[in-house]
Amino acid sequence: MNVDWSWQRAWDCLPILLEGFKITLLATVLGFVIAAVLGLAIAVLRRTGPAVISVPIRAVCEFIRLTPLVVQLLFAYYLLPQFSALQIGIVVLGIHYSTYMAEVYRAGIDSVPKGQWEAAHALSLPTARTWRAVVLPQAIRNTTPALGNYAISMFKDTPFLFAITVVEMVTAAQQYGARTFQYLEPITIAGVIFLIASYPTSILIRKLEKSLAY
């Protein structure tokens with residue numbers, strides 16, 4: 001294996017990596033949507049639901065958080081062969097991260113001042129409207145930066161999809177290296193693409209966090 005850098009090899013592997021990046025980005029965006037929506041539902045149910053609902057949900061969330069993502073991917077992949085590997089990967093990513101986002105939402109809900117709850121009760125607002133118009137807008141505003149950080153974490157965890165044969169960017173780089181016996185360029189470029197995609201997002205999240213602090 002030649003370890004000398006070649007710009008020609010870098011240029012040759014770039015289109016392949018960009019195809020893999022499309023899969024990486026698709027899995028991240030759709031997985032984040034699932035995680036954000038499901039995480040909010042979990043947080044609300046744990047806060048308002050009866051024990052017969054909230055206790056099992058809490059137990060399932062703990063189980064998901066305490067088991068490796070790769071194990072969850074493999075389990076779902078072999079349990080549900082009727083679905084494509086990419087579909088399973090997106091859903092498992094979403095469910096896995098929803099358990100973390102649920103805790104973020106819970107913290108955001110708890111940060112809503114008690115006076116807001118009391119004012120809504122004094123105005124005789126229905127429970128659904130209290131959540132929709134008073135609590136959730138403030139909670140989501142407070143949790144937006146943390147949710148953004150989890151989006152970046154999910155983006156960086158997409159290489160785990162290789163375990164269920166999804167050809168995302170890192171897997172594409174490895175496959176190129178296996179065909180050409182040249183790993184330096186594809187792996188390096190994959191890392192650079194991750195950096196280029198993640199760094200501006202992290203800056204945006206920091207700016208958003210500062211703006212929401214005022």
Side-chain angles (χ1 to χ4, degrees), residues 9-43 57 60-105 144 146-180 182-183 185-202 204-205:
R9 286 196 299 267
W11 182 257
D12 289 341
C13 72
L14 182 59
I16 298 172
L17 298 187
L18 291 179
E19 286 299 315
F21 178 72
K22 293 179 183 178
I23 302 299
T24 295
L25 191 60
L26 178 66
T28 302
V29 172
L30 296 183
F32 178 79
V33 171
I34 293 173
V37 174
L38 182 58
L40 180 59
I42 291 171
I57 288 177
V60 171
C61 288
E62 289 295 325
F63 175 80
I64 292 174
R65 282 197 295 267
L66 295 176
T67 53
L69 176 58
V70 172
V71 173
Q72 296 167 18
L73 286 166
L74 289 170
F75 178 80
Y77 180 66
Y78 291 117
L79 182 67
L80 304 168
Q82 66 271 32
F83 296 101
S84 72
L86 181 57
Q87 290 173 331
I88 290 173
I90 290 170
V91 173
V92 171
L93 274 174
I95 293 175
H96 182 83
Y97 272 91
S98 71
T99 61
Y100 294 97
M101 292 187 185
E103 291 302 307
V104 174
Y105 284 125
T144 298
L147 296 179
N149 288 328
Y150 275 121
I152 294 176
S153 296
M154 183 184 295
F155 176 63
K156 293 188 295 183
D157 277 351
T158 53
F160 285 123
L161 298 180
F162 84 94
I164 56 173
T165 72
V166 175
V167 184
E168 40 65 54
M169 185 167 57
V170 174
T171 302
Q174 291 178 321
Q175 290 180 351
Y176 178 88
R179 290 194 304 269
T180 63
Q182 304 296 337
Y183 289 90
E185 292 83 5
I187 295 299
T188 301
I189 293 175
V192 170
I193 293 174
F194 269 109
L195 177 63
I196 292 173
S198 300
Y199 187 64
T201 305
S202 66
L204 179 62
I205 291 172

Heavy-atom pair of closest approach, residues L69 and D157 | CD2-CB, 4.2 Å

Heavy atoms, side chains only, cut-off 4.5 Å: are L80 and F83 in contact?
-> yes

Test side chain to side chain contact (heavy atoms under 4.5 Å, CB included) on R9 and T180 and set out the steps.
-> CA-CA 9 Å; R9 286 196 299 267; T180 63; 5.7 Å; no

Note, I34 side chain near S98 side chain (heavy atom, < 4.5 Å) | no

Atom OG1 in T28, atom CZ in F21: separation rounded to 0.5 Å?
-> 8.0 Å

To the nearest 0.5 Å, how far apart are SG in C61 and CD in E103?
-> 7.5 Å

Smallest heavy-atom separation, I88 atom then I164 atom, equals CG2-CD1, 4.3 Å

Heavy-atom pair with the smallest gap, counting every atom of S198 and K156 | OG-CG, 4.5 Å

State whether the side chain of Q72 and the backbone N or O of H96 hold a donor-acceptor pair below 3.5 Å, judged by distance alone.
-> no

P159 side chain near F194 side chain, heavy-atom distance below 4.5 Å | yes

Heavy-atom distance under 4.5 Å between the side chains of V170 and E168, does that happen here?
-> yes

Determine, stepwise, if the pair I205 / I152 fulfils side chain to side chain contact (heavy atoms under 4.5 Å, CB included).
-> CA-CA 10 Å; I205 291 172; I152 294 176; 3.7 Å; yes

Quick one: does Y97's side chain have a donor or acceptor within less than 3.5 Å of a partner on A36's backbone?
-> no

Grab the two heavy atoms, one from L73 and one from F160, that are nearest each other, plus how far apart they are.
-> CD1-O, 3.6 Å

Measure the CD1-CG distance between I193 and L14 for me, rounded to the nearest 0.5 Å.
-> 6.0 Å

Inter-residue atom distance Y183.OH - I187.CD1, 0.5 Å rounding = 8.5 Å

Side-chain contact, heavy-atom cut-off 4.5 Å: L74 with Y78?
-> yes

On a heavy-atom basis, the closest approach of V92 and A76 is CG2-CB, 3.7 Å

For the atom pair CD1 (I189) and CG (L195), what is the distance rounded to the nearest 0.5 Å?
-> 13.5 Å

For residues M154 and A27, report the shortest heavy-atom separation together with the two atoms involved.
-> SD-O, 4.4 Å

So how far is it from Y105 OH to L147 CG, rounded to the nearest 0.5 Å?
-> 4.5 Å

Between the side chains of Q174 and T171, is a donor N or O closer than 3.5 angstrom to an acceptor N or O?
-> no

Between L25, T158, T24, I16, which is the residue that forms a side-chain contact (heavy atoms from CB on, under 4.5 Å) with M169?
-> T24

Got E185 and Y176 here, is their nearest side-chain heavy-atom distance under 4.5 Å?
-> no

Would you check if I90 and L161 make a side-chain contact, meaning some heavy-atom pair closer than 4.5 Å?
-> no

